[in-house]
Structure formats: structure tokens, C-alpha cells
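Keep in mind it's a predicted model, so treat the numbers as computed, not measured.
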Amino acid sequence: MTIAPTETESPPTEAELDKAEQDELARAKKEKIGRIVGMFIFPFLMVGMMITGYLAAMHAPAPNNMPVAVAGPGAAEFATALETDQGDAVDVRIAGSDAEARELVFGREVTGAVSLPAGPDGTATVYTAGAAGASQSSSIGQVLSAQVIADGLQPHTEDLASLPPHDTAGLAVMFMTTALMLAGYMPLSLMLSSAPELLRFRRFVPLLAGWAALMAGLVWTVADPILGAVQGHTAEVLGISWLAVFAVGSVQLFLTRILGPMAVLVGMLFLMVLGVPASNLGMSVYTLPSLYPVLHSFLPAPATGEALRSALFFGGNGLAGHLAVLAAGAGIALVATLGVDAVKRRRNPDAAPPARTVESLLPGPRPRARVHYALLAFFPLAMVGMMMTTMLGAMYQPAPKEMPVAVVASTPEMADQVVQGLDQNMAGLFDLRGVTDSDEARELVRDRTVSAAYILPSPQTPHATLITNEAAGMSQQQVVQTVFGQVASGQQVPMETENITALADTDSMGTVSMYLAMGWIMAGFMIIIVGSTAAPMVMGLRTLLPLLAGWSLAMSAVVWLIAGPLVGAVHGHFLPLFGVGAVAIFSTALFTTIFVRLLGMLAVLPVIAVLMFLGIPASNGAMSIYMEPEMFRVLHEVLPMPAAVESVRSILYFDADMVGTHLTTFAVWGVISLMVVVLIDRLRPRRAEAALPVGAEN
């Protein structure tokens with residue numbers, strides 16, 4: 001049975017059709033503009049947040065209310081003198097006995113302790129715990145030992161929990177924790193954009209439990225059987241790792257419910273931007289602004305790192321409290337998610353699930369469901385595996401290997417004789433070269449040809465002199481000071497140290513160059529990764545190149561503004577940093593475009609691997625390349641990240657002496673990348689319009 005149309009159901013007029021078409025075109029135009037704006041906003045927020053957070057927290061660390069304990073006769077007087085001399089650097093408490101002082105240090109309630117002598121031997125014991133943080137242990141040990149000497153006593157240092165020989169820098173826990181944080185929050189953003197049906201509570205929780213088990217196994221496999229950075233404690237490591245991934249994933253699920261796509265930024269803020277400095281793993285929280293000891297008490301990265309430390313180095317001391325933080329976070333997040341879901345169902349029982357914004361992780365149409373889900377799992381799995389393998393493998397056992405050092409003597413024969421003798425005792429550690437002119441040696445140190453110069457005593461100068469270059473790398477300076485201090489002691493001569501170029505007070509660890517370089521590199525690859533999915537209509541070279549030029553100039557200025565006026569880590573140098581930064585961002589973006597053309601969103605894997613996971617160890621920024629596997633010295637000469645780090649270092653400290661060389665590196669990467677993109681576009685024409693709504697391409 002049919003119903004005849006009434007007079008009011010006449011077909012739409014031509015004017016009405018034209019208006020509907022115009023409305024559709026207007027809607028498509030607004031969506032296009034929104035996509036293009038989003039292409040710039042998201043990477044701007046991510047880069048700005050990361051660089052601001054890291055620079056503000058870590059550009060000039062200094063002791064700040066570091067808790068210490070004093071025990072023994074005269075403890076009150078010693079504590080008063082220590083507080084007077086150190087001011088706000090320490091927070092001193094009195095321990096009732098030597099045993100209590102040891103317990104406070106072992107329980108990480110204090111960073112160090114002094115036990116004053118009861119008898120006439122005049123030796124005070126300084127307790128530290130290297131496994132609680134190598135830099136923290138070293139700095140507080142020096143502070144307490146200096147105060148002991150000032151009181152006319154002899155310090156005797158005892159490490160109550162030393163780091164094992166297979167992880168001499170204590171970096172295994174830091175990289176494991178970072179990997180677990182990535183494993184917990186990264187899959188959620190992929191699911192929300194590409195497979196939102198997996199985020200239904202009843203489906204997601206068992207998936208998360210299985211995923212957490214898989215990632216815990218991967219992190220343990222890389223850290224223990226493959227690299228040997230962790231030995232033993234398998235059950236504890238697997239259990240802590242599972243709980244960490246499950247807790248982070250649970251919290252991120254709740255964030256996606258209330259924030260949608262912006263949850264990835266909030267997750268990164270609390271897990272990485274605030275979580276990494278607050279973790280107490282790479283740097284003591286008591287050397288950072290006062291906010292970070294507070295964050296250390298409840299964020300998941302500190303809880304995970306300290307739980308792993310407790311299990312690996314402290315016999316489980318304090319483990320329960322850190323596990324409770326993770327368990328409570330997971331439980332609260334899951335209950336809150338159920339509550340949000342219930343409210344949404346009550347308001348709209350027939351609400352559809354979130355729409356997919358990314359059809360496929362690969363170029364082209366969406367693959368079969370099983371293939372798509374496999375790619376969703378492979379993406380974070382590969383990311384975590386690469387990060388653990390490359391970065392932990394490069395840096396967890398730092399030791400000098402063929403580090404170039406000049407040996408200065410009055411005659412070539414004497415210099416060669418000393419070099420041969422030192423080579424026999426320190427085989428493979430240093431690349432020693434004889435020099436007879438101390439001024440020549442200073443110039444070699446200044447231009448970074450050698451890491452240091454050791455000047456032998458002479459009749460005119462009865463002491464040895466070690467010439468170092470702090471601004472060229474603090475880690476290598478510390479190594480040569482330690483080793484050649486022992487050499488001078490063995491020669492029974494005093495040694496003086498001369499620092500050619502000191503670091504600025506606003507860059508006391510020498511890491512500002514690395515964070516600026518990270519900002520440039522991230523700005524380069526993030527704009528392409530985000531743009532390829534958010535605004536594919538602008539990815540053609542004729543449209544993309546001018547957009548990239550403007551983005552590169554703008555973000556280079558933004559990074560300088562963050563480092564300079566906002567944070568105060570850099571003073572001046574605007575024009576050279578602005579220019580080099582723009583070139584670095586532009587060339588990095590072109591390199592990323594190659595892989596986006598070929599792999600779609602999966603381009604993130606090779607791009608991050610080359611630019612960050614290999615680039616950071618090879619950069620000579622966080623650690624000297626002469627303390628890493630030899631492969632990274634080769635990569636140091638060719639990768640963009642080292643070129644960016646060394647450019648900043650050269651501008652800040654060495655009158656831009658090597659900037660031209662590094663600009664050539666960027667130019668080579670940019671030109672070759674552009675040629676490859678042109679070739680790809682000719683061989684396989686792009687079909688970006690297929691991914692857009694009808695009319696959006698107009």
C-alpha cells in the first residue's frame with residue numbers, strides 16, 4: 001500500500017537544491033579549514049609542552065632541601081653547621097643512632113647521612129645509596145664529605161646500595177620505566193582514532209590485561225636476556241611491569257572518555273613532561289623545582305621506577321607503597337570510567353560509538369579487521385622494542401672507548417714514551433697522542449679535536465695540568481678528571497685542572513643544547529605525521545612546501561622563545577639559533593614526508609628510530625659518544641639530531657665555529673629527501689582526495 005504525495009510534499013525547487021549544495025560546500029570548507037588548523041595546533045602544543053617542561057625542570061638543577069641525616073656525638077652542632085653552610089640545599093634531621101641513619105638511607109627517606117665518631121679516631125662515615133640515583137649519591141656525598149672535612153674529621157664513604165657492574169649508570173630502570181609508560185598510553189590514541197570499537201569497557205579491560213602482559217615480557221626480554229642490563233628478579237620485574245602498563249592504560253581510558261582526542265596530550269603531560277623529571281631516575285627530584293618531590297609521590301612514572309629500584313637493588317624495601325600507587329590509580333580510573341559510561345547511557349541510550357578519524361595506518365583503503373588490529377598492536381610494540389634496544393643498548397654501560405686525549409711533554413720522545421706507558425695500562429680506553437706545545441694542546445681541546453689534554457710536570461711547573469672543556473660535554477670531562485687524577489696520583493704529582501670553556505649557570509648540566517635540538521626535530525616530523533592524517537589535502541608538494549617554510553620559521557622562533565624569555569635557559573643568540581632551527585625543522589619534515597608517502601601513519605616507526613632513538617645517543621648531548629658503542633660515532637657525523645645538538649653547542653659556547661658544517665648536513669638531508677619525494681609522487685600519484693568528504697577538495 002502506498003500513500004499518494006500531498007501538495008505539501010512537492011519535490012525541492014532548483015533554488016532549494018542550490019542552497020543545499022551551497023550549505024554542503026560551506027560545511028566542507030569549514031571542515032577543511034578546521035583540519036588545516038588542527039594540523040598546526042596539535043604539534044605546536046606537543047612540542048611546546050615537551051620543551052617547556054623539560055627545560056624548565058632540568059636546565060639548571062641545584063640541591064633543594066635534600067633530606068639528610070646526622071647521627072652520633074655532636075650531631076646537633078654538625079647539623080647546625082651544615083644548614084648554615086648549605087642553606088636551603090639540605091634539610092637536616094637528627095638520627096638516634098648509626099643504625100637508624102643507615103636505615104634512613106637504605107629506605108630512601110634521606111639522600112645521605114653522616115655518622116660522627118664516638119671515639120678519638122676522627123673518622124666520620126658518610127652513607128649514600130648509589131642505586132637510589134647515581135647523580136644524587138655523588139652530589140650529596142660531596143656535600144657531606146666537605147662538611148666533615150670542615151669539622152676537622154676524615155670522611156669515610158660507604159655505599160649502602162651500590163649499582164651493579166652490569167648497569168654502572170643506573171639507566172636500565174629509567175629506560176624500562178619510560179618504555180612502560182609508552183606501552184600504557186600509546187595504544188589508546190591509536191584505538192580512539194582508528195578502532196574506537198575496542199574501547200568499550202568490557203572489551204578493553206581484558207585486552208589491556210593481555211597487552212600489559214605482552215609488553216611486560218618485551219621490556220624484560222630486552223633488558224635481561226638480550227642486553228643483560230637487568231639480571232635476575234624476573235618475577236618481580238614482570239609483575240611490576242604488568243601493573244604499570246595496566247594502570248597507565250586504565251587512566252588513559254578514562255581520559256579518552258572525558259577528553260576524546262586531546263587525551264593524548266594530557267597523558268603525555270603527566271606521564272612524560274612531568275613524569276620523567278619527577279621520576280627521580282635520571283636526575284634527583286631534590287635538584288629540581290619544589291613541585292617535583294610532590295609529583296613524585298603519586299605519578300605513575302615515579303611509582304614504576306621506584307618499584308623497580310626497590311625490587312632490583314633494595315630487597316623489596318618500600319615496594320608495597322609504590323605498587324599501591326599504581327593499583328589505586330588503576331582502580332580509581334576504571335571505576336570512574338564506568339561512572340562516565342553510565343552517565344552517558346542515561347543521557348543518550350542510543351548514542352553511537354565515536355567515529356573513526358583514521359581509516360588505515362597504511363596508505364590506501366582500510367585492510368581486513370584482523371590485519372588492521374595486528375597493525376594497531378605492532379605499532380606500539382615496535383616503538384617500545386626499538387626504544388629499549390637502541391637507547392638502553394647505547395647508554396646503560398658508559399665507559400670511555402678510544403676517547404681522544406693529548407699528552408703534552410717537553411720533547412716528542414718523552415711524549416711518545418708516556419703515551420706508550422699509558423696505553424699499556426689503559427688499553428682501549430683512550431686514543432692518546434703526543435704533543436710538545438701546551439698552546440697547541442689547548443687549541444685541540446677548544447675545537448673539540450680531543451676531549452682533554454694532560455700536561456706532564458716540568459722543571460718550571462712541578463705539577464701536572466689537565467685541560468678540559470666542560471661545554472663540549474660534562475660526561476667526558478668527568479671521566480678524564482677521574483682517570484687522569486688517578487694517573488697523577490700514581491705518578492705522585494699534584495694535578496691542577498684548567499677548564500677551557502665553562503657552562504653557563506643557566507645550563508649547568510650542558511643539556512640545553514639537546515633540548516633545543518629535540519624541539520627542532522620534533523617540530524619537523526610532527527607536522528608531517530599529524531598533517532598526513534588531519535589534512536591530507538595539503539600534502540602535495542606545491543601546497544606543502546610553502547606551509548613547511550612558514551611552520552619552520554614560526555616554530556624555530558617558538559623554541560627560542562621557550563628556551564630564552566620563558567625559561568631563561570638561553571640568553572641572546574636569537575638570529576643564529578632561529579636560522580639553524582628553521583633549516584633543521586624544514587629538512588627533518590622533508591625526510592619524514594618520504595616515509596609518510598610510503599607507509600602512512602606507520603612512518604612514525606622509521607622516522608622516530610632514525611631521528612630520536614638513534615639520534616639522541618649519537619648526538620653527544622646526553623652522553624659522550626666516546627662512552628657508547630662505536631657505531632654511534634659514525635652516526636654522529638651524518639644524522640640530523642647530532643647536527644642540531646652540535647649547532648646549538650657551537651652557537652652558545654664556541655662562536656658558531658662549526659655551524660657551517662652542520663648546516664651542510666641538514667642541506668644534504670633536505671635536498672635528497674625532496675628529490676625522493678618528487679620521485680615517489682611521479683611513480684605513484686597521490687590520491688589524498690579519496691580520504692576527504694565530498695567537496696572538501698574544492
Side-chain angles (χ1 to χ4, degrees), residues 130 134 138 159 162-172 226-229 231 392-438 440-442 444-445 447-458 463-470 472-498 500 617-618 620 622-637 642:
S138 174
D159 192 342
S162 58
L163 287 164
H166 54 266
D167 183 20
T168 54
L171 295 179
I226 294 179
L227 296 178
Q231 296 181 4
L392 179 58
M395 296 191 282
Y396 83 97
Q397 281 188 318
K401 302 177 185 69
E402 300 295 331
M403 183 179 287
V405 174
V407 177
V408 184
S410 56
T411 65
E413 294 78 15
M414 182 180 294
D416 292 341
Q417 182 181 359
V418 173
V419 166
Q420 292 175 8
L422 292 176
D423 272 336
Q424 291 178 355
N425 296 323
M426 302 185 297
L429 299 182
F430 296 96
D431 176 15
L432 301 172
R433 59 194 71 181
V435 178
T436 57
D437 186 351
S438 59
E440 177 187 352
R442 284 183 176 84
L444 291 174
V445 176
D447 65 18
R448 285 90 80 206
T449 302
V450 298
S451 301
Y454 182 67
I455 303 178
L456 295 168
S458 66
H463 59 78
T465 302
L466 181 67
I467 303 174
T468 65
N469 192 342
E470 184 183 44
M474 181 173 281
S475 61
Q476 70 182 22
Q477 184 199 44
Q478 292 171 339
V479 166
V480 294
Q481 283 179 332
T482 299
V483 173
F484 284 91
Q486 296 171 352
V487 170
S489 178
Q491 294 174 336
Q492 297 183 342
V493 296
M495 187 184 80
E496 294 184 357
T497 300
E498 177 184 335
I500 290 288
N620 202 35
M623 184 179 294
S624 171
I625 54 171
Y626 297 111
M627 299 168 65
E628 299 172 354
E630 190 170 352
M631 172 186 75
F632 291 97
R633 301 183 202 182
V634 178
L635 296 176
H636 179 75
E637 303 300 322

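Without hydrogens or angle criteria, Ser624 side chain to Ser475 main chain gives no donor-acceptor distance under 3.5 Å.
Sorted by first and then second residue, the salt bridge (charged side-chain N to carboxylate O under 4.0 Å, His left out) pairs involving residues 627-636 (not counting sequence neighbours) form an empty list.
Taking a 6.0 Å sphere around CD of Glu440, one finds it holds more than 12 heavy atoms contributed by other residues, nucleotides or ligands.
Using a 4.5 Å heavy-atom cutoff, the side chains of Leu163 and Thr168 are not in contact. Looking only at side-chain heavy atoms (C-beta outward), Leu227 and Gln397 stay at 4.5 Å or farther from each other. You'll find the side chain of Pro642 stays beyond 4.5 Å of the side chain of Asn620, heavy atoms only.
Here the shortest heavy-atom pairing between Val445 and Ala452 reads CG2-C, 3.7 Å. Nearest heavy-atom pair across Pro400 and Val479 is CG-CG1, 3.8 Å. Listed here is the closest heavy atom pair of Ala488 and Met495: CB-CB, 3.7 Å. When all heavy atoms of Ala169 and Ala134 are compared, the pair lying nearest together is O-CB, 4.2 Å.
A donor-acceptor pair shorter than 3.5 Å cannot be found between the side chains of Glu498 and Thr465.
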Please list, one pair per line, the donor and acceptor atoms closer than 3.5 Å that link side chains of residues 401-411 to other protein atoms, with sequence neighbours excluded.
| residue | atom | partner | partner atom | Å |
| --- | --- | --- | --- | --- |
| Lys401 | NZ | Ala399 | O | 3.3 |
| Thr411 | OG1 | Met414 | N | 3.1 |

Without placing hydrogens or testing angles, list every side-chain donor-acceptor pair under 3.5 Å for residues 420-434, not counting sequence neighbours.
| residue | atom | partner | partner atom | Å |
| --- | --- | --- | --- | --- |
| Asn425 | ND2 | Gly421 | O | 3.3 |
| Asp431 | OD2 | Arg433 | NH2 | 3.3 |

